[in-house]
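Just so we're clear, the structure is a prediction, and the values are computed from it rather than from any experiment.
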Amino acid sequence: MYWGLDTEWKDFADAIAEAGNVTDALGRQKAEYKAKVTKIQETYGKTIEGTSFVDVSRGDWSDPGTFYIADIGCSEIARDDIGLDLPEAAEGKDPLAYESLPFEQIGELSEYDVVTYPVDADGKPTEPFTPVTKTNTWKSLPAVTSGRALGVFCPGNNSYGPVNQYLDSLDSALATLPGKQ
């Protein structure tokens, strides 16, 4: 079963697993999740510490010429569970992801050390995000020119299976991160 992005999926996982008589499988997925989080924190802790990240995206629903800063979904896991320094909306405000930003503001991403963006299972920018990668502003971002723009696959953050896939992708992306300039 899958939950929407606005639902605390972890809170419901145990009850659903019990109702579906799959607590053993859930236990394995939760253990795998904890192990992946710990591995990422231990392996990349020094890289993550003091590094500012921003997660940007664009969906099928996005207006032409716009993108958004993702602060919900998989970026919540990266921020809250892994410890990446990612922007988030102020308490009581709508998520940053709800605000479409014009391509003219891509240059403002220069203030971040690392930019993450959505890729598909094959590691290619998602179809909706491809127009962002084709702009000269994107191509000239310091994170892009220095190899610090990381494509990360996020199949969803609504159950442990997809989240574990996301953690694998994040782990692989962080492994490619060159030293700080």
Side-chain angles (χ1 to χ4, degrees), residues 1-13 33-34 36-37 40-41 44-45 47-120 125-133 135 137-138 140-144 148-171 173-174 177 180:
M1 178 163 287
Y2 293 92
W3 300 99
L5 297 179
D6 59 346
T7 304
E8 297 297 328
W9 58 273
K10 288 182 200 174
D11 294 341
F12 295 105
Y33 175 81
K34 287 178 184 172
K36 288 176 188 291
V37 166
I40 291 171
Q41 289 171 329
Y44 308 107
T47 301
I48 291 169
E49 188 176 321
T51 299
S52 63
F53 290 79
V54 64
D55 188 19
V56 294
S57 194
R58 186 166 191 289
D60 291 333
W61 60 89
S62 296
D63 289 331
T66 65
F67 72 103
Y68 61 87
I69 293 175
D71 62 336
I72 56 177
C74 288
S75 59
E76 286 177 289
I77 294 159
R79 182 184 60 242
D80 300 343
D81 295 356
I82 301 292
L84 297 187
D85 177 15
L86 285 161
E88 67 180 310
E91 187 72 32
K93 298 287 185 182
D94 283 340
L96 299 174
Y98 290 6
E99 182 182 354
S100 294
L101 303 171
F103 281 0
E104 290 80 21
Q105 291 186 17
I106 291 171
E108 293 176 20
L109 301 176
S110 294
E111 71 183 76
Y112 299 97
D113 298 321
V114 177
V115 176
T116 61
Y117 63 92
V119 296
D120 59 25
T126 59
E127 187 176 326
F129 195 75
T130 298
V132 175
T133 66
T135 66
T137 310
W138 173 265
S140 66
L141 280 175
V144 173
R148 300 174 72 80
L150 309 177
V152 183
F153 177 58
C154 174
N157 77 320
N158 44 20
S159 69
Y160 283 98
V163 169
N164 284 335
Q165 288 179 292
Y166 165 71
L167 292 174
D168 287 341
S169 180
L170 182 62
D171 186 355
L174 290 171
L177 206 53
K180 273 194 174 178

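Checked by atom type and distance alone, the side chain of Thr51 pairs as donor or acceptor with a backbone atom of Thr47 at under 3.5 Å. At distances below 3.5 Å, not a single donor-acceptor pair connects side-chain atoms of Arg58 with backbone N or O atoms of Glu127.
Listed by first and then second residue, the salt bridge (charged side-chain N to carboxylate O under 4.0 Å, His left out) pairs that reach into residues 86-99 are Arg79-Glu88, sequence neighbours excluded.
Atom-to-atom distance recorded for Thr66:OG1 and Ile106:CD1 is 10.0 Å, nearest 0.5 angstrom. Interatomic distance, CG of Asp81 versus CD of Glu76, reported as 9.5 Å (0.5 Å rounding). For the atom pair Glu111 CD and Leu141 CG, the distance stands at 11.0 Å (nearest 0.5 Å). Taken to the nearest 0.5 Å, the CG atom of Leu86 stands 11.5 Å off from the CD1 atom of Ile77. Rounding to the nearest 0.5 Å gives a distance of 12.0 Å between NZ of Lys34 and CG of Asn164. With rounding to the nearest 0.5 angstrom, the CD1 atom of Ile40 is 4.5 Å from the CG atom of Leu170.
Pro87 places a side-chain heavy atom less than 4.5 Å from the side chain of Leu96. With contacts defined as side-chain heavy-atom distances shorter than 4.5 Å, the pair Ser100/Tyr68 does not qualify. In this structure, Ile82 and Phe53 have side chains that are not in contact, with every pair of non-hydrogen atoms separated by 4.5 Å or more.
Contact record, Ser57 with Pro118: OG-CG, 3.5 Å, taken as the closest heavy-atom pair. A pairwise comparison of heavy atoms in Pro128 and Gly59 identifies CB-C, 3.6 Å as the closest pair. The minimum heavy-atom distance linking Gly83 with Ile48 is given by the pair O-CG2, 3.6 Å. Of all non-hydrogen atoms in Ala149 and Val144, the two that sit nearest each other are CB-CG2, 3.7 Å. Here the closest non-hydrogen pair linking Ser75 and Ala70 is OG-O, 3.2 Å.
Remark: Phe103 engages no residue in a ring-ring contact (aromatic ring centres under 6.0 Å, His included) (not counting sequence neighbours). For Tyr112, the ring-ring contact (aromatic ring centres under 6.0 Å, His included) test picks out no residue, with sequence neighbours left out. Partners of Val56 under the side chain to side chain contact (heavy atoms under 4.5 Å, CB included) rule, at least two apart in sequence or in another chain, are Val54, Phe67, Ile69, Leu109, Val115, Tyr117, Phe129, Trp138. Qualifying side chain to side chain contact (heavy atoms under 4.5 Å, CB included) partners for Asp120, counting only residues two or more places apart in sequence or in other chains: Asp122, Lys124. By the side chain to side chain donor-acceptor pair (under 3.5 Å) test, Tyr44 is found to be paired with Asp171, residues two or more places apart in sequence or in another chain being considered. Listed by chain and residue number, Lys36 satisfy the salt bridge (charged side-chain N to carboxylate O under 4.0 Å, His left out) test with Asp168 (two or more places apart in sequence, or in another chain). Residues satisfying the salt bridge (charged side-chain N to carboxylate O under 4.0 Å, His left out) criterion with Asp71, sequence neighbours excluded, are absent altogether. Legend: residues meeting side chain to side chain donor-acceptor pair (under 3.5 Å) with Thr116, ordered by chain and number and at least two apart, are Asp55. With sequence neighbours excluded, the residues forming a side chain to side chain contact (heavy atoms under 4.5 Å, CB included) with Pro102 are Glu104, Gln105, listed by chain and number.
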